[in-house]
Amino acid sequence: MTDKYAVIGNPIAHSKSPAIHAAFAKQTNQEMTYEAIQAPLGGFADTVKQLIADGYQGVNVTVPFKFDAYEMATELNVLAQHAGAVNTLMFKQSSISGHNTDGLGMVRDIEENLAISLQGKRVLLLGAGGAAQGVLHPVLDKNPAVLTVANRSVEKAVAMVEKVKAQYPSVDLAAETFDQLNNAFDVIINATSASLNKASLPISDLVFADSCLAYDMMYGQETPFMAQAKANGAQVADGLGMLVEQAAEAFLLWRGVRPEAKAVIDKMRVS
Ligand code: NDP
């Protein structure tokens, strides 16, 4: 029997995940199917139960179900625990194991594909929502010199920083509002959803250090954040690499084989 996987979201028609996983399966000669499934709002658990009954081996989970997946998992890996959200489920004999591969995917995209080490760098993380929480530990695990979290609702940034402070004593950690930012950073990550509404962030041009990387988790179009970064001489990257790399981490979990993500990122960018 062919192994079956899917991505669950609502809406889901736009998802690139089926094309990404089809490319991985072809590249690594894996016999599997992968489809996009729209679960009704409030119907995530029932959809998953049906997929398990139908013999599926695992699913990726996207907006708005990452917290439902977290609740449904009967075991959680450490990154899922830290993020408080799950984007990958593995169905086992008597358990549902929950993982969060977003942070690993983004860090791998920055360090491997863009060839920029985070160690010793001054990193600015914009946003304190699910995506920011998901990348926080994987970024800190790379030993930056500085990590500042800035958010519109600053209390969320403060809570994020307080939670990890004791665990990472060598990192200079801080929480700020956007308009308090007046230092330069080597890597600036936009994990807000402001770009979805084409909104710019009220951040000073001072945050963009010479030769910095400005990384927007959004992909598909140039965002106001990317335009501001470009105007300040930054190297700019969108979140397509993160999307493919987080999928590669899920594929590795499910299949035990790491696909070559870079080739698929290049392919997705032109398709
Ligand atoms: P959440 O809804 O959990 O968080 C949204 C964040 O954006 C919050 O920090 C919120 O601030 C902030 N925000 C929203 N609107 C504005 C605004 N107009 N000005 C300033 N801040 C704003 O979303 P997620 O964390 O799940 O997603 C964030 C982004 O990351 C999305 O664009 C998503 O598409 C992208 N993403 C990309 C992935 C990839 O693979 N490339 C993976 C996961 C996410 P506040 O707390 O004040 O409300």
Side-chain angles (χ1 to χ4, degrees), residues 7-12 14-21 24 60-70 79-80 82-88 99-110 113-114 124-139 148-161 175-181 188-204 207 213-226 228 236-251 261 264-265 268-269:
V7 59
I8 306 178
N10 186 333
I12 200 63
H14 66 284
S15 175
K16 292 184 187 295
S17 293
I20 293 169
H21 281 275
F24 289 165
N60 286 134
V61 182
T62 187
V63 178
F65 298 124
K66 289 185 185 181
F67 302 109
D68 300 73
Y70 178 85
L79 290 178
H82 286 149
V86 158
N87 76 341
T88 304
H99 301 256
N100 191 310
T101 65
D102 282 337
L104 291 180
M106 187 201 74
V107 165
R108 205 175 155 87
D109 189 38
I110 292 175
N113 302 327
L114 302 172
L124 172 60
L125 181 58
L126 302 167
Q133 309 252 16
V135 302
L136 182 66
H137 279 264
V139 168
T148 297
V149 182
N151 196 46
R152 183 173 58 181
S153 320
V154 71
E155 66 280 0
K156 286 196 210 164
V158 171
M160 270 173 74
V161 164
E176 309 269 18
T177 57
F178 293 126
D179 57 7
Q180 280 171 335
L181 295 167
I188 301 118
I189 299 161
N190 183 12
T192 74
S193 53
S195 307
L196 290 175
N197 305 317
K198 298 191 166 52
S200 55
L201 295 169
I203 52 171
S204 160
V207 302
L213 170 69
Y215 192 98
D216 200 319
M217 287 194 187
M218 203 172 138
Y219 52 86
Q221 67 199 52
E222 183 173 276
T223 65
F225 167 76
M226 288 158 94
Q228 183 184 5
V236 172
D238 70 4
L240 183 66
M242 174 178 178
L243 179 76
V244 176
E245 289 287 3
Q246 63 77 27
E249 296 290 337
F251 192 92
V264 178
I265 295 169
M268 299 300 298
R269 205 168 283 289

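Both counts, for ligands and for their atoms, begin at 1 and track the order of listing.
Each of K66, G127, A128, G129, G130, A131, N151, R152, S153, K156, F178, A191, T192, S193, A194, L196, L201, M217, Y219, G239, M242, L243 has a non-hydrogen atom positioned under 4.0 Å from some atom of ligand 1.
Atoms CE and CG, on M160 and L136 in that order, are 4.5 Å from each other to the nearest 0.5 Å. Within the model, atoms CE of M106 and CE of M217 stand 5.0 Å from one another, a figure rounded to the nearest 0.5 Å. With values rounded to the nearest 0.5 angstrom, R152 atom CZ is found 8.5 Å from T192 atom OG1.
Between H82 and H137, the ring planes are parallel. Angles under 30° get that label, and only those over 60° would be called perpendicular.
Side-chain contact between M268 and L243 is absent, with no heavy atoms from C-beta onward closer than 4.5 Å.
Side-chain atoms of E245 do not come within 3.5 Å of backbone N or O of N113 as any donor-acceptor pair.
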